[in-house]
Amino acid sequence: MQTSEDKTEALKQRIDPERVPRHIAIIMDGNGRWAERQGEHRVVGHANGVRSVREALVACREIGVGYLTLYAFSTENWKRPKAEVDALMDLLVRTVVGELEELNANGVRLHTIGDTASLPEGCRNTLMEAIAATAKNDRITITLALSYSARWELVHMARTIAQEAKAGTLDPEGITDATVAARLSTVGLPDPELLIRTSGEQRVSNFLLWQIAYTELWFTPVLWPDFRKAHLYEAVLDYQNRERRFGSISEQVTPG
Ligand code: FPP
């Protein structure tokens with residue numbers, strides 16, 4: 001009988017190693033609903049979501065994805081009940097501390113994007129230490145979007161550009177795509193080729209709006225705590241079956 005490990009391995013074997021996305025971004029959604037369905041507090045859903053973070057990271061590393069970016073806490077999430085926000089921050093700290101050795105053993109570099117200055121001091125310090133401790137790892141970069149929203153990032157970029165123009169260090173006529181990209185919090189990260197969202201919602205919810213201009217979107221009804229390696233492989237296989245034209249016509253992107 002085929003076990004779920006066999007099925008996962010069979011999916012992985014079907015992936016074309018030549019066309020693996022370099023960067024996958026994930027909107028991890030559905031923790032609250034997962035917990036409520038089991039009669040548990042929402043926080044239990046977040047705690048169970050940590051296993052899925054690990055599964056997604058290991059799956060990405062195994063197939064050679066270089067960058068994984070997770071929407072872990074949005075600017076809007078600050079509006080949630082204080083107890084849930086505190087529990088999320090606590091979970092983040094415990095997870096980062098608990099996984100640090102494993103991250104280093106597997107060549108994982110930790111990175112963050114977002115308004116991290118607004119995070120509680122203890123959380124910020126833990127993140128800074130883990131970022132420094134993993135800075136030399138080069139197999140995969142995991143980026144946690146924390147207190148992040150794309151509109152926050154775009155407003156910040158606009159302010160920076162306006163200040164530079166006002167100071168005379170930037171010529172408004174010379175502003176290009178690259179000028180904008182260099183002033184976003186994702187500077188240094190390639191744009192994601194694939195964006196996954198769990199829990200059945202089909203929205204982008206203020207995540208990486210500039211960066212996903214040509215990104216393939218993949219939605220699944222699976223709630224984040226149930227997300228496993230097999231789901232990530234399914235998403236990559238679906239991505240590999242799509243034709244990415246970037247505004248060109250079919251013949252121009254598939255020669256012959
Ligand atoms: C969305 O589910 C999930 C979050 C806002 C937080 C994600 C956090 C984790 C998976 C745990 C820790 C993460 C790391 C990186 C260590 P929701 O609460 O919006 O679910 P709902 O839509 O069902 O209410």
Side-chain angles (χ1 to χ4, degrees), residues 24-61 67-104 106 108-116 118-120 122-131 133-134 140-150 152 195-208 219-229 231-232:
I24 297 180
I26 306 184
I27 301 177
M28 312 180 285
D29 197 13
N31 293 353
R33 274 163 285 169
W34 185 92
E36 278 153 22
R37 278 181 201 173
Q38 341 235 342
E40 296 282 359
H41 192 275
R42 298 173 53 80
V43 168
V44 176
H46 299 314
N48 279 274
V50 174
R51 170 169 175 192
S52 308
V53 170
R54 210 175 293 122
E55 293 257 340
L57 178 61
V58 173
C60 282
R61 205 199 59 216
Y67 298 86
L68 172 66
T69 297
L70 303 175
Y71 206 0
F73 193 85
S74 74
T75 309
E76 290 74 26
N77 287 157
W78 289 114
K79 292 185 219 141
R80 292 191 176 195
K82 187 176 178 309
E84 184 174 343
V85 172
D86 289 349
L88 270 168
M89 295 299 153
D90 185 52
L91 185 62
L92 179 68
V93 169
R94 279 189 289 120
T95 304
V96 169
V97 170
E99 301 284 333
L100 190 56
E101 217 176 288
E102 196 72 10
L103 296 179
N104 272 325
N106 288 286
V108 184
R109 181 171 75 106
L110 180 69
H111 183 61
T112 59
I113 55 171
D115 184 16
T116 44
S118 65
L119 299 174
C123 186
R124 233 172 32 231
N125 291 341
T126 300
L127 285 168
M128 269 172 3
E129 283 166 24
I131 289 169
T134 61
I140 180 166
T141 297
I142 182 168
T143 300
L144 303 180
L146 293 166
S147 193
Y148 172 89
S149 76
W152 164 83
L195 171 68
I196 295 172
R197 180 171 188 154
T198 58
S199 92
E201 310 293 350
Q202 304 199 355
R203 310 185 271 279
V204 179
S205 298
N206 216 349
F207 191 42
L208 303 176
F219 300 105
T220 174
V222 169
L223 302 176
W224 181 250
D226 291 328
F227 190 89
R228 296 290 172 265
K229 282 169 158 188
H231 300 116
L232 189 123

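For ligands, and for the atoms within them, numbers begin at 1 and follow the listed sequence. Reckoned from all heavy atoms, side chains included, excluding hydrogens, waters and symmetry mates.
Below 4.0 Å from some heavy atom of Arg33 lie the following atoms of ligand 1, by number and element: 21 (P), 22 (O), 23 (O). Near Thr95, with a cut-off below 4.0 Å to any heavy atom, the atoms of ligand 1 are 16 (C). Atoms of ligand 1 found under 4.0 Å from any heavy atom of Trp224 (numbered from 1 in listed order, with element): 10 (C). Counting the atoms of ligand 1 from 1 in the order shown, those under 4.0 Å from a heavy atom of Leu91 are 11 (C), 12 (C). Close contacts of ligand 1 with Asn77, meaning ligand atoms under 4.0 Å from a residue heavy atom, involve 5 (C). The Leu144 neighbourhood of ligand 1 comprises atoms 15 (C), with distances under 4.0 Å to a heavy atom of that residue.
Using a 4.0 Å heavy-atom cutoff, Arg80 is listed among the residues neighbouring ligand 1. For the ligand labelled ligand 1, residue Ser199 lies outside the 4.0 Å heavy-atom shell.
Between the side chains of Thr141 and Arg109, at least one donor N or O sits under 3.5 Å from an acceptor N or O. Looking only at atom types and distance, the side chain of Thr220 has no donor-acceptor partner in the side chain of Arg197 under 3.5 Å away.
At least one N or O atom of Asn31, backbone or side chain, sits closer than 3.5 Å to an N or O atom of ligand 1. Of the N or O atoms in Asp29, one or more lie within a sub-3.5 Å distance of an N or O in ligand 1.
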